[in-house]
Each structure stands twice: as structure tokens, then as C-alpha cells.
Number of protein chains: 2
Amino acid sequence: MSKSNTTTICSMCESMSSCFQQLKFEQLENISQNKVQIKFNKKEIVAKQGSFATHIIFIKKGFVKLYIESASQDKNLIINFFSKGSLIGLSSLFESNTYQYSVATMLPSELCLIEVSEIKKLVVKNSEFAISLLKRSHKSTIHAYNQMFNLTQKQLLGRISSAFIYLSESVFESDKFELILTRNELANFTAMSTMSAVRAINDLKKQEIISDNNGIIEILNKEVLVKISKFG
Amino acid sequence: MSKSNTTTICSMCESMSSCFQQLKFEQLENISQNKVQIKFNKKEIVAKQGSFATHIIFIKKGFVKLYIESASQDKNLIINFFSKGSLIGLSSLFESNTYQYSVATMLPSELCLIEVSEIKKLVVKNSEFAISLLKRSHKSTIHAYNQMFNLTQKQLLGRISSAFIYLSESVFESDKFELILTRNELANFTAMSTMSAVRAINDLKKQEIISDNNGIIEILNKEVLVKISKFG
DNA sequence: CAGTAAACGTGATTCACATCACAATAAGGA
DNA sequence: TCCTTATTGTGATGTGAATCACGTTTACTG
């Protein structure tokens with residue numbers, strides 16, 4: 001990682017999240033003065049589970065995964081993916097001062113690290129900002145509940161199908177998208193072995209429900225995909 | 001359920017949650033005037049997944065479970081348990097206007113249903129209140145992440161052990177407690193079959209890690225229990 | 001651009017857990 | 001109080017998915 005030599009002023013940032021749009025000009029200036037903007041290569045760790053959380057991570061550009069590592073480190077569970085405009089690390093902020101998860105880039109990314117104390121001040125000053133943080137937080141909670149259900153109550157094909165629907169609708173926002181994730185990462189997101197992920201994907205390909213051209217996934221038969229994702 | 005004939009004034013409520021302690025007297029009076037206090041028997045549904053969420057649920061007394069129902073209704077996943085002082089339904093409030101989960105009593109309970117609009121007003125007016133809601137929300141998120149990890153990465157005994165530790169430390173707050181939950185509910189909380197839950201519990205009993213006297217659970221060997229919960 | 005590591009893939013085997021079948025006990029309702 | 005239903009329990013069987021073993025292809029990296 002390297003500190004960017006062209007730090008953008010927050011009020012000029014075209015990736016600005018909905019939260020920050022609630023802020024007044026001078027409040028945004030405060031953020032601007034209490035952040036660092038950093039460039040990361042792909043596959044770099046941005047936040048490490050267990051370490052002190054002194055900053056909130058804002059994604060200006062790129063793509064990251066948020067995941068939980070096991071003690072033995074061999075089993076990772078990917079909780080979610082985030083791209084431009086996302087804000088990460090809020091839960092560590094109010095609940096505990098250490099990260100409860102790790103965050104790593106999956107593409108070259110530009111991130112802004114904003115001081116926790118600055119965010120806290122703004123929550124007190126600006127109730128619109130507080131509400132938009134509340135919305136984000138509840139979105140995370142609902143996503144986690146859904147995933148808990150998906151991962152524990154559905155089997156292989158249902159989990160993979162749910163994952164493709166989620167990626168298509170909520171992450172890449174298109175029926176055709178570059179997957180970016182490896183089979184191993186998809187396995188870690190769906191709580192199965194890499195081998196099972198490979199088999200499940202090829203199964204969907206053979207049934208012509210999805211296609212995969214060098215990493216470009218296209219959902220060919222959404223109706224059936226949804227049916228599989230619901231049945232289990 | 002039946003509307004309580006002795007509605008407590010919020011400012012006199014001895015179950016008052018930390019959130020409400022942030023409120024000024026007249027704000028608490030507003031809550032008081034915009035709530036209904038209702039008595040529920042055990043095993044009654046308080047909130048039904050999919051229905052409109054017009055109220056926030058405050059637990060004045062009793063014990064409830066929050067769970068997600070499957071389409072076929074035969075598979076339930078219990079997300080969490082709540083007792084006196086808890087506030088439920090906030091995520092439905094900001095993210096969607098329908099409940100993403102169901103809530104049911106497990107003991108006779110007294111609940112206060114507070115109008116969503118009233119809570120929203122207070123979040124805007126009182127930033128301390130907003131922050132305490134943020135804290136609660138993040139606590140839910142972190143719990144969900146932990147559970148996701150537990151349920152997907154650990155096996156039977158690890159999951160049951162984690163569950164007993166959670167119940168002991170975070171729900172009943174004692175090494176000795178009345179279980180309240182049936183084997184089936186414990187299975188739904190640990191994402192396994194009822195039969196497996198029965199076997200796993202009896203396994204822990206045989207190893208003298210826990211004891212069960214007519215539903216009174218005692219953790220006899222916490223050290224080993226923690227070890228099992230970590231290994232998986 | 002060769003060498004090595006990471007990612008992708010297929011078939012055979014193993015194992016954890018669900019399911020089935022059935023019994024005993026406890027709880028709640030007419 | 002009896003009758004029904006929920007809850008707890010044990011052993012045998014079946015199966016979904018992990019693991020193992022191995023080969024192929026694609027991407028880094030000096």
C-alpha cells in the first residue's frame with residue numbers, strides 16, 4: 001500500500017456515500033482533514049481481525065472482502081463484498097475497539113481511512129448522518145441474518161444459487177458480470193469446500209442456468225436459479 | 001395476548017433499557033403516550049415474518065426468541081434470544097417496513113409496543129439516543145457474524161458448546177441456569193437436527209462437562225467446554 | 001520465457017450428520 | 001383423571017458433502 005499523492009477533498013469525491021451527503025460543507029471539511037487516502041494493490045490486507053480499530057474504512061475505488069478468520073487460519077468465512085461508496089468498520093467503532101473481522105482488497109483499490117473520533121463527533125452533531133449510519137448498520141444485520149439462514153438451511157446448489165443471485169443483484173448489479181472471486185473465495189462465501197463449489201458451478205453451467213466465459217458470468221435462466229435457491 | 005390493565009409509565013419502568021436512559025423526561029413521556037403494554041402467554045407469536053412492522057418491541061418482562069422461518073415452514077433458524085430490557089425490530093424500521101424475522105415468547109412476557117414514528121422522531125432530536133441505538137445495532141451485527149462463523153465452520157459438539165457458552169455468558173449470565181429452550185429449539189439455534197442436539201448434549205453430560213437436572217444446566221468444566229467450542 | 005505457484009477440474013473414498021424407526025416419559029387439555 | 005400430544009431418548013441406516021489423489025490450465029515472478 002502507498003499513501004496517495006493525489007488526495008481528493010471529500011466534498012469533491014464522486015464516490016461519496018449517501019451517509020456523507022447528509023453532512024454540511026464544513027463537517028465534510030473536517031472529515032477531509034482527518035483522513036488519509038491510500039492506494040492498495042489487490043490481495044492486500046486492509047484491516048486485520050483482532051487489531052485495534054482506530055479508523056473507519058471508506059472505499060473510494062476498488063473491491064474488498066470482509067471475512068472472519070478461524071484460530072487455525074485455515075478456514076475463512078467471507079461475510080460480504082464491498083465496492084465504491086461503502087463504509088466499513090462501524091461495528092468495531094461502537095461495540096469494541098478491535099476489528100471483529102479482516103478486510104482485504106480483491107482488486108487494486110483506493111481507500112480513505114477516517115478517524116473514528118471524527119465520525120463519533122459527527123454522529124452527535126448531525127442526526128441525519130446518525131440515521132443514515134443506522135440504516136447501513138441495519139442493512140448489515142439483515143444481510144447477516146439472511147446469510148445465516150442460507151448457509152445453514154440450504155444445501156450446496158441452493159447456497160451457490162443464492163450467492164449468484166446476491167452477487168448479481170446486490171454486488172455487481174447486473175445479470176452479466178466479471179466474477180472477480182476465485183472458486184475458493186466463492187466457497188468461503190457459501191461455506192463449502194472449494195471442490196464442492198467447483199462441482200456446483202459446473203452443474204449450473206451444464207444445466208445452462210449460468211454461463212462462464214473466462215470469468216464473465218451470465219445468468220441465463222434466472223427463474224430456475226431462483227427456484228433452486230429457494231428449494232435448498 | 002391481552003392488553004395489560006396496569007400500563008407502567010416509562011419513566012417508572014424498572015426494566016428501562018440503556019437507550020431510554022438517554023432520553024429527557026418529556027421525551028420519555030412521549031414514548032409513554034405512544035405505546036401499548038401487552039401481556040403474552042408462552043409460545044405466542046409477537047411478530048410474524050413478512051408482516052408490516054409498525055411497532056418496536058420492548059421487553060419489559062419475559063423471554064423471547066427471534067427466528068427466521070423457511071418458505072416450507074419446517075425449518076426454523078433461531079437467531080437470538082432476548083429478555084428484560086431488550087429492544088427488537090429496529091432493523092425492520094429503517095431498512096424495510098416488514099419484519100424480516102419472527103418473534104415468539106418462550107415464557108409469559110410483558111411487552112411494550114412503541115410506535116415506529118415516535119422512535120424516529122427521537123433519533124433526530126436526541127443524538128445520545130441515536131448513538132445507543134447504533135451500539136445495539138452493531139452488537140446485533142457482531143453477534144450475527146459470530147454465529148455465522150460458529151454455525152458454518154464448527155461441527156456438532158463445537159456448535160453445542162459455543163451455544164452453551166453464549167447462553168451462560170450473554171443470555172442467562174450465570175454458569176448455572178434454567179435452560180428454558182427445548183432440545184428442538186437448541187437444535188434450531190445451532191443449525192442441527194433435534195436428534196443430533198440430544199446426542200451432543202448427552203455426550204457433554206457423559207463427559208461431565210455440563211450437568212442437566214430437570215432443565216437446570218450447570219457448566220461443570222468451563223475450560224474443556226471452551227476448548228471444544230474453539231476446536232470445532 | 002522458463003519455472004513455479006495458484007487456480008481449476010474430475011473421479012473415488014470417507015465421514016459427519018440427517019433421517020428413520022421406535023420407545024419412554026412428561027406435560028397440557030377436555 | 002384419562003387421553004392426547006410434545007418432548008426426550010437410543011440404535012440402525014442412508015446420504016450429502018468433505019476429503020483425498022491426481023491431472024490440467026492459468027497466472028505470477030525472477
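Chain naming here is simple, since letters A, B, ... match the order of the sequence lines and numbering starts at 1 in each. These numbers come from a predicted model, not from an experiment.
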Participant: Rounded to whole angstrom units, what separation is found between the CG atom of B:Asp203 and the P atom of D:dT8?
Facilitator: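 Distance check: B:Asp203 CG to D:dT8 P gives 18 Å.
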Participant: Atom CG of B:Leu181 to atom P of D:dT8: distance rounded to whole Å?
Facilitator: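 One finds 10 Å between P of D:dT8 and CG of B:Leu181, rounded.
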Participant: Taking only Lys NZ, Arg NE, NH1 and NH2, and the carboxylate oxygens of Asp or Glu, determine whether A:Asp212 and A:Lys176 approach each other closer than 4.0 Å.
Facilitator: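 Between A:Lys176 and A:Asp212 there is no salt bridge, as every charged N stays at least 4.0 Å from the carboxylate O atoms.
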Participant: Once you measure the plane-to-plane angle for B:Phe177 and B:Phe164, does it fall in the parallel (<30°), tilted (30-60°) or perpendicular (>60°) bin?
Facilitator: tilted
Participant: Answer yes or no: side-chain N or O of A:Arg199 and base N or O of C:dG11 forming a donor-acceptor pair under 3.5 Å.
Facilitator: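 Check passes, donor-acceptor contact within cut-off.
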Participant: D:dT8, D:dA17, C:dA7: which one has an atom nearest the side-chain heavy atoms of A:Leu156?
Facilitator: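 Closest of the options to the side chain of A:Leu156: D:dA17.
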Participant: Within the pair B:Arg183 and D:dG9, is there a side-chain N or O less than 4.0 Å away from OP1 or OP2?
Facilitator: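 For D:dG9, OP1 or OP2 has a side-chain N or O of B:Arg183 closer than 4.0 Å.
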Participant: Report the distance from atom CE of B:Met195 to atom P of C:dC22, rounded to the nearest whole Å.
Facilitator: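 Rounded to whole Å, this separation is 15 Å.
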Participant: Is any side-chain N of the basic residue among A:Glu14 and A:Lys61 closer than 4.0 Å to the acidic one's carboxylate O?
Facilitator: no
Participant: Which nucleotide wins on minimum distance to the side chain of B:Gln155, given the candidates C:dC8, D:dG9, C:dC17?
Facilitator: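 Closest nucleotide among those given: C:dC17.
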Participant: Let me know which of A:Asn80, A:Ile59, A:Ile57 forms a side-chain contact (heavy atoms from CB on, under 4.5 Å) with A:Val64.
Facilitator: A:Ile59
Participant: When all nucleic acid strands are considered with a 4.0 Å heavy-atom cut-off, which category describes B:Met192: base, sugar-phosphate, or nothing?
Facilitator: sugar-phosphate
Participant: Between atom CG in B:Asn214 and atom C1' in D:dG9, what is the gap in whole Å?
Facilitator: 15 Å
Participant: According to a strict under-4.0 Å criterion, is B:Lys205 in side-chain N/O contact with OP1 or OP2 of D:dG9?
Facilitator: yes
Participant: Counting only side-chain nitrogens and oxygens, does A:Asn202 get under 4.0 Å of the OP1 or OP2 atom of C:dT10?
Facilitator: yes
Participant: Want to settle it: does B:Leu157 or B:Lys43 sit nearer the 5' end of DNA chain C, counting the closest nucleotide to each?
Facilitator: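 Upstream on the strand: B:Leu157.
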Participant: Rounded to whole angstroms, how far apart are CD1 on B:Ile217 and P on D:dT8?
Facilitator: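 For the pair B:Ile217 CD1 and D:dT8 P, the rounded distance is 10 Å.
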Participant: Does A:Ser193 reach a base, just sugar-phosphate, or nothing at all? Heavy atoms under 4.0 Å.
Facilitator: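 Here A:Ser193 touches the bases of the nucleic acid.
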Participant: Specify the separation, in whole Å, of atom NZ of B:Lys75 and atom C1' of C:dC17.
Facilitator: 11 Å
Participant: Provide, to the nearest angstrom, the distance between the CD atom belonging to B:Glu185 and the P atom belonging to D:dA6.
Facilitator: 14 Å
Participant: Verify the contact: side-chain N or O of B:Ser196 to OP1 or OP2 of C:dA18, cut-off strictly under 4.0 Å; return yes or no.
Facilitator: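 The answer is yes; a side-chain N or O of B:Ser196 sits under 4.0 Å from OP1 or OP2.
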Participant: Grab the CG-P distance between A:Leu179 and D:dT26 for me, whole Å please.
Facilitator: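 Nearest whole value for this atom pair: 17 Å.
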Participant: Looking at B:Gln37, B:Lys84, B:Lys60, B:Lys39, which hits side-chain hydrogen bond (donor to acceptor under 3.5 Å, both in side chains) with B:Glu110?
Facilitator: B:Gln37
